[in-house]
Amino acid sequence: MLEMIIAELDLGAILTSGATLLLTGLFFVIILTIANAKLKVERDPMVEAIEAVLPGANCGGCGLAGCSAYAEGVVKDHGLIGRCGPGGDALVHAMAEIMGIEATASAPNRAVVHCSAHSDDMINSTQYLGIAGCAERTIIPDNMGCSYGCLGGGDCQAVCEFDAIHVIEGLAVVDYNKCVGCGACVKACPRNIISLTAIVEDPILVMACSSHDKPKEVRGYCKVGCIGCTLCVKMGGDSFFMDNGLAKIDYEKYPDEESRQKATGKCPRGLMVYVGSDDVAVRKANDSREPPKPVKAKTE
Amino acid sequence: MADNELKSKSEAARHFVRGLWAENPIFRQLLGMCPVLAVTVALKPALTMGMATMFVLICANIVVSLMRNIIQPHLRILMFTLTIATFVTIADLILKAYLPEMSDTLGPFVPLIIVNCLIIGRAEACASRKPVGTSIADAFGMGLGFTFGLCVLATVRELLADGKLFEISVLPSGYDPLLVMKLPAGAFIALGLLLGISNHFFNKK
Amino acid sequence: MLNEFMKKSWLALVSALCFGLLVSAVNMALAGKIKQNKIDKRDGMLEKLFGQDCSFEGVKAEGAAEDAEPIYFVAKKGGQVDGYALIWTGPGFAENIDLLVGFNAGLDMLKGFAVMKSAETPGFGDQITLEDKEGKYRPDLYYKDRFINKPIDKVLVRADDNIADKHLKDEQVVTISGSTVTSEAVIVIVNGAKKQMVKLLNK
């Protein structure tokens, strides 16, 4: 078979076609080389160098359209350095070296769940047996007592690319060792109780409630919900403020240790929690118990 | 060293599996729609087309992967198309020689593999960045995923249009053929319905 | 400068050469087989028209090269001329249609046609390729059969729309409903083939 094929080969004709393609190739290569020389778009070499060291995950956690946009942004505005979650500290130093500036790590954005009610803390009048996902569940009226809190349906867990958020005993809990602050869970949560917060300290104190309901109603459905007693604002100073019946923390003026202790100590609901990378799960601010062990929630 | 090997192996496996479903060229990425709509009238041409595309994809991925480090950026696309065109010509010749009937049926769609965005897409996205092993696995996965998609669509269309599979009647003779499934309109309808079904199951997760 | 150019482009040039050689070699290795496939297909079509017991002889144009395509074919049964055939092309609904048109030995009747190449709409126009595979012959069931034994000296035309209770005239062909364009294209091609055949044989 092979011999037959070889016998049929006409070397002259083969060389002719090879040469034809070679000449065509040469022609186009020359055109491309000229075009490359004449039409080349000059890019800032610094941008290219930074783009090369970026992780290339295009997660958008920095708040820009992607790694390429971030590289350009960082060169223009050095303040954006440290916004890249997946890159971490090593990246900050690498970028600082490229741009020839002093590396000052700014607080990275991380997902924070503003609800602290595990299944035990909720007082539900009915038992929900419907579709499991949060997006479906949230449109059903009275499917749980609180109309602000975490549904525990795991929509955030499903969209997380980094395996950093898990539903533990009915509450979404962020694993800050894995979270890069990409914001996928923020978009996925139908109740908008996850926010991207600059982690100015680790662990950081967060107000783990989103309910604007009246105290009586909150007491009726939740053991840990904010009742708007304003004690934290009175005790903790101007770092705490009230927003329509819900206490909040101003992270621009993150409270010092003393005022934090005063505020959390007085909170009758014990709803302020510390979150951070040393604890995998949420730790109550006024709770000395061991934090709950992370359990990977079962998904159907 | 062993660790590295393990890593690259799992990477190749990951790329292979990805093409089969999670990034299936037809149902997830909607790539290469021209042959998807044109050659899925029956299973036989669909299978042939899938195999031809897979052959080109594997060869192109190997060659591109081998030269990924010495390629000049401004000549990148020239090299990709040159490589792809070469292997498409070879595939076309092989089909003409050994499957003349299929070659007649597929007609211009075999040469059109050159501009199938799946192949240049894989060359850009995978072969020009990854070592040869990963690229081959990627090409196999994507090729099989593409063939699978073509075959599913062709099965639906041939069954509804003729009551046949591989030109063998499988439905009872009383079946009234849905002629529209043989026409381009039928291709769009069947593809749309299949995409809907696949999205339904994929989004459930 | 030339040095710089070669340094950047040697890969493209070397691959262009290699790919050219590769394609050319594959083409050469398979050219014989591809040509044979075409001849086999043509011979199969001729057999369909004239029956398997005929032998066929291609007639080339005068002064044509040795490997040129025959311009028409002579079918012989037991040493006697049984008919003639030639390939004729014309525009169809989608692409050009290639037909192999057969004539009887006296050159007064059509033997029918076989489709060499067509890309007509599946289910509609491609009914011109349908044939009686199971041997259950019903005249007029297949479009092909409507051309058998049509006279050569009259130009074929499309049958009138209301022919249900009238007798067809010799030169009338009933078209395929739903694919008038393809049907008419075939009639035009067969007419063209007739003219050419008569011209070739009268020379």
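Bear in mind that the values here come from a model prediction, so they are computed numbers and not experimental data. Naming convention: chains lettered A, B, ... in sequence-line order (proteins, then strands); numbering from 1 in each chain.
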Most chain C-contacting option - heavy-atom pairs closer than 4.5 Å, from Asp162(B), Ile94(B), Leu82(B)
Leu82(B)
Looking at Asp92(B), Thr105(B), Leu183(B), which makes the most heavy-atom pairs under 4.5 Å with chain C?
Leu183(B)
Could you please spell out the steps behind the side-chain contact (heavy atoms from CB on, under 4.5 Å) verdict for Leu75(B) and Ser9(C)?
CA-CA 8 Å; Leu75(B) 296 176; Ser9(C) 343; 4.1 Å; yes
When you compare the side chain of Phe19(C) with that of Val63(B), does any pair of heavy atoms fall below 4.5 Å?
yes
Would you say the side chain of Lys96(B) lies within less than 4.5 Å of the side chain of Lys33(C), judging by non-hydrogen atoms?
no
Greater than 12 external heavy atoms within 6.0 Å of [X]'s [atom1]:
X	atom1	result
Asp53(C)	CG	yes
Lys60(C)	NZ	yes
Phe140(B)	CZ	no
Phe93(C)	CZ	no
Phe5(C)	CZ	yes

Under 4.5 Å from any heavy atom of chain B, what part of Lys35(C) do you find: side chain, backbone, both or neither?
neither
Measure Ala16(C) against the heavy atoms of chain B and call it side chain, backbone, both or neither at under 4.5 Å.
both
Minimum heavy-atom separation for [X] and [Y], please, with both atom names.
X	Y	answer
Gln72(B)	Lys8(C)	CG-O, 3.0 Å
Met79(B)	Ala12(C)	SD-CA, 3.3 Å
Ala97(B)	Leu30(C)	CB-CD2, 4.0 Å

Using only atom types and a distance under 3.5 Å, with no angle test, would you say the side chain of Asn37(C) pairs donor to acceptor with the backbone of Pro100(B)?
no
Atom group of [X] that falls short of 4.5 Å from chain C, counting heavy atoms:
X	value
Thr83(B)	both
Leu93(B)	both
Leu179(B)	side chain

side-chain contact (heavy atoms from CB on, under 4.5 Å), that's the test. Do Lys41(C) and Glu101(B) meet it? Break it down for me.
CA-CA 9 Å; Lys41(C) 188 177 172 186; Glu101(B) 204 187 318; over 6 Å; no
In this structure, CG of Leu22(C) is separated from CZ of Phe87(B) (nearest 0.5 Å) by 6.5 Å
